[in-house]
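Structure, as structure tokens:
Residue numbers start from 1 in every chain, and the chains themselves are labelled A, B, ... in the order their sequence lines are given, proteins ahead of strands.
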Amino acid sequence: MAEGTADTSDLSTDLCGIELAGPVLNGSGTFDAIAARRVFGDEVVSGFPFDCYVSKTITMNPRPGNAPYRLWETPSGMINSIGLPGPGLDGFLERDLVQLAEFDVPLIVSVMADRVEDFEILVNRVAEREEVAGIELNVSCPNVHSGLIVGEQPSETEALMKALRPLTAKPLIVKLTPNVANPHEVAMAAESGGADSVSMINTVKAAAIDPVSTRTWLGAGAGGLSGPAVRPIALAQVRSVASAVSVPVIGMGGITDAESALEFILAGARVIAVGTENFRDPRAGALVSEGLPAALARRGFASLAEAQSVTLD
Amino acid sequence: MAAEADSPRAPFGRRACEVADSRESGGYRIFTLIDAEGPAPAAGQFYMLAAAPDWAGEGGRPYLPRAISYARVTENPKGGVRLDFLIDEVGPGTSRLARMKQGDECFVAGPFGNRFSLPRQLNEGAAGAILVGGGIGIAPMAVLRRELVNRGIPSRSLLGFRDQAHSGGVDELFGCEETRLAFEDGSYGHKGFVTDLLLQLLEGDDSGSAAIYSCGPPAMLEAVRRICADRGLPVELALESPMACGYGACFGCAVPKAEGGYMRLCVDGPVVRGDQIATAMAGEPAVG
Ligand SMILES: Cc1cc2nc3c(=O)[nH]c(=O)nc-3n(C[C@H](O)[C@H](O)[C@H](O)COP(=O)(O)OP(=O)(O)OC[C@H]3O[C@@H](n4cnc5c(N)ncnc54)[C@H](O)[C@@H]3O)c2cc1C
Ligand SMILES: Cc1cc2nc3c(=O)[nH]c(=O)nc-3n(C[C@H](O)[C@H](O)[C@H](O)COP(=O)(O)O)c2cc1C
Ligand code: FES
């Protein structure tokens with residue numbers, strides 16, 4: 001771990017075969033690259049803040065999203081109940097994907113469905129597009145046949161993966177929910193079903209009460225907590241999952257800067273994602289990347305790879 | 001949705017701006033930021049603000065930046081612009097912003113959102129504008145009024161307040177002429193709601209040729225929206241909704257559209273035409 005022997009400024013890495021200029025992704029649903037380009041202009045393309053872009057979760061049909069209110073601020077975090085608004089698969093493939101391809105980073109498309117048959121259609125039609133480098137499966141949704149949240153059940157997760165695995169050679173990433181007692185069991189099931197990677201954590205189930213009435217604040221009744229408030233939970237879960245599976249882990253949950261990003265890498269994540277922090281600073285992802293070389297050097301690492309190979313004592 | 005295309009463009013990322021001044025005004029606070037890098041904003045736009053030190057200080061809130069409309073823009077002698085903001089302390093975010101002192105730094109992102117249309121764009125036959133502001137909502141009305149004055153377009157301002165402790169900025173931001181005030185507690189001007197003044201005005205001579213603009217609390221905006229809808233008068237409303245990001249990233253700022261579904265207020269608004277939305281009171285218990 002001699003300081004300065006290798007180059008901490010070279011952050012290039014790979015994620016199950018996808019070559020990345022650095023380890024910083026965005027969390028699905030926390031940065032709308034198309035809207036950001038409309039607001040800030042082409043600087044968002046030339047100075048794109050992430051090394052890989054993960055789309056918001058796409059569903060079969062267009063969805064309006066949940067009724068307001070959708071946001072509640074908590075100490076060091078927030079609860080959202082956005083409800084996956086979006087154009088649906090056709091709208092995404094026809095309009096959004098073409099625009100997303102103009103960004104010069106690999107593209108991962110997040111998809112969700114409430115039945116295997118729809119997941120199959122989503123994966124088939126997204127994977128066949130050459131703009132797409134990988135697919136993330138958002139499994140925080142009930143299966144209409146069983147009524148069970150897929151990502152909360154190892155058996156459901158494995159069955160889903162086994163159905164989807166033969167459809168494409170592109171990387172399939174399972175986004176794990178933290179709302180289970182033993183996330184590593186779900187992760188192991190995803191791996192044995194053929195997942196190339198797991199990403200975690202999704203938001204932590206949470207609720208807020210209206211300060212002046214007896215209603216719940218969020219239009220949908222409850223939502224998911226994110227931001228630094230969940231970071232310690234995420235670190236514990238990343239650590240437990242990373243030691244149970246051999247596929248790479250995409251770590252996220254309350255990352256605000258290079259130091260907290262490095263904590264996830266030390267806990268076992270191969271790459272990391274910035275979510276809620278994007279709301280506080282549109283360039284948050286870029287600031288994480290810019291701070292990583294110094295953060296690595298400060299802990300005595302000669303390279304990102306060295307930090308990625310650490311096992312915590 | 002009003003006139004999005006030509007809204008000034010925000011620099012990418014947040015920047016630290018110096019607080020040049022902060023003063024009390026009628027129960028509100030007005031502070032001035034020096035934005036050396038940003039463009040001059042357009043009437044209707046807003047910024048996302050967070051005090052640089054001690055944000056998330058006590059009890060972990062405020063955590064997210066706060067959406068705040070600018071109340072005045074002037075050229076900064078050394079480049080960029082000076083921005084005035086009008087703040088009503090309603091919670092930890094606005095309290096922290098109100099406590100900033102001269103020389104402090106404040107994180108700024110923006111300007112975001114669209115701008116008001118001109119009266120003739122909103123209502124072809126409009127001879128002038130009626131501006132209806134309530135409480136802290138007088139800030140964007142003050143900006144619009146100045147723009148109209150600069151363009152030589154006549155306007156009348158109707159401003160409503162709860163009481164004297166919630167009535168800042170009037171003298172500083174509005175000229176006295178053509179401004180009428182309503183106080184709910186009757187302490188000054190008309191006793192009652194500002195919508196009473198609007199109804200009086202609309203019963204007068206030339207109401208059919210007015211373009212109407214409004215900003216204020218949701219219940220007031222909904223009343224203005226209905227008054228205008230009943231009379232077939234075009235109106236632009238500057239709405240509020242909870243916002244986490246201000247630039248289209250979080251989808252948190254949903255406002256129900258008249259045609260069904262939701263718009264993102266931060267990018268499709270905050271200025272909307274009255275007939276574009278289903279209600280100005282989304283999320284409020286009254287429409288729950
Ligand atoms: C486009 C736009 C322009 C605006 N311009 C101005 C302006 O010029 N001046 C100004 O003073 N304000 C302005 N606002 C309003 C201001 O951004 C909000 O009132 C902001 O929430 C205040 O933050 P706070 O922490 O002071 O209060 P909050 O604690 O956020 O309380 C404000 C309201 O939010 C709700 N609330 C309470 N707790 C929470 C919580 N934990 N999470 C979410 N919501 C909660 C309650 O209804 C409460 O009454 C604007 C808003 C928008 C969208
Ligand atoms: C407003 C918001 C929207 C989100 N939308 C999605 C989504 O569409 N799909 C998904 O898999 N995760 C979604 N997430 C979860 C994030 O990708 C991430 O897993 C989580 O927020 C934890 O990271 P953070 O604390 O850095 O935000 C969303 C989170 C937020 C705050
Ligand atoms: S405030 Fe985040 S999308 Fe509008």
- prompt: Closest approach of A/Leu71 and B/Ala244, non-hydrogen atoms and distance?
  reply: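 That would be CD1-N, 3.4 Å.
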- request: List the atom of A/Pro64, the atom of B/Tyr262, and the distance in Å for their closest heavy-atom pair.
  value: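 Heavy atoms of A/Pro64 and B/Tyr262 come nearest at O-CD1, 3.3 Å.
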- request: Quick one: pull up SG in B/Cys253 and CD1 in A/Ile82 and give me the separation to the nearest 0.5 Å.
  value: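 It is 8.5 Å, given to the nearest 0.5 Å.
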Parallel, tilted or perpendicular: ring planes of A/Phe40 versus B/Phe112, cut at 30 and 60 degrees: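 Ring orientation, 0 to 90° scale: perpendicular.
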task: Against chain A, label B/Arg66 side chain, backbone, both or neither, depending on which of its atoms sit under 4.5 Å from a heavy atom there.
output: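 It is the side chain, since no backbone atom gets that close.
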- prompt: Do the side chains of A/Phe279 and B/Met243 get nearer than 4.5 Å, heavy atoms only?
  reply: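 The answer is no, as the side chains (C-beta and beyond) never meet within the 4.5 Å cut-off.
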message: Between B/Phe251 and A/Asp32, is there a side-chain heavy-atom distance shorter than 4.5 Å?
response: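 Yes, their side chains come closer than 4.5 Å.
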Proximal component of [X], with respect to chain B [non-hydrogen, under 4.5 Å]:
{"X": "A/Asn80", "value": "neither"}
{"X": "A/Ser81", "value": "neither"}
{"X": "A/Ser76", "value": "both"}
{"X": "A/Asn66", "value": "backbone"}

task: Could you tell me which of A/Gly83, A/Pro68, A/Pro62 has the largest number of non-hydrogen atom pairs under 4.5 Å with chain B?
output: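 Of the candidates given, the most pairs with chain B belong to A/Pro68.
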query: Can you tell which of A/Thr30, A/Asp281, A/Asn26, A/Thr74 has the highest number of heavy-atom pairs within less than 4.5 Å of chain B?
result: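 Top count of heavy-atom pairs under 4.5 Å with chain B: A/Asp281.
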- request: Take atom CZ of B/Arg9 as the centre, draw a 6.0 Å sphere, and report whether it contains more than 12 heavy atoms from other residues, nucleotides or ligands.
  value: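 Yes, the 6.0 Å shell around CZ holds more than 12 heavy atoms from other groups.
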message: How about CZ on B/Phe193, more than 12 heavy atoms from neighbouring residues, nucleotides or ligands closer than 6.0 Å, or not?
response: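 Incorrect, the count does not exceed 12.
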Residues in residues 44-55 of chain A that sit under 4.5 Å from chain B, counting heavy atoms only: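 The list, in residue order, reads A/Val44, A/Gly47, A/Pro49.
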task: Spell out the residues in residues 225-234 of chain A that have some non-hydrogen atom less than 4.5 Å away from a non-hydrogen atom of chain B, in order of number; otherwise answer 'none'.
output: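 Listed by number: A/Gly227, A/Pro228.
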query: Using a cut-off of under 4.5 Å for heavy-atom pairs, which of B/Cys266, B/Gly246, B/Gly13, B/Pro92 has the most such pairs with chain A?
result: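 When all of B/Cys266, B/Gly246, B/Gly13, B/Pro92 are compared, B/Gly13 has the most.
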query: Looking at B/Ala254, B/Cys250, B/Gly248, which one has more heavy-atom pairs under 4.5 Å with chain A than the rest?
result: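 Of B/Ala254, B/Cys250, B/Gly248, B/Cys250 has the most heavy-atom pairs under 4.5 Å with chain A.
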message: Can a donor-acceptor pair be found, under 3.5 Å and without considering hydrogens, that links the side chain of A/Glu73 to the backbone of B/Leu64?
response: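 Checked: pair present.
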Donor-acceptor contact present, side-chain A/Arg283 to main-chain B/Phe12, <3.5 Å: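 Not confirmed, A/Arg283 side chain does not pair with B/Phe12 backbone.
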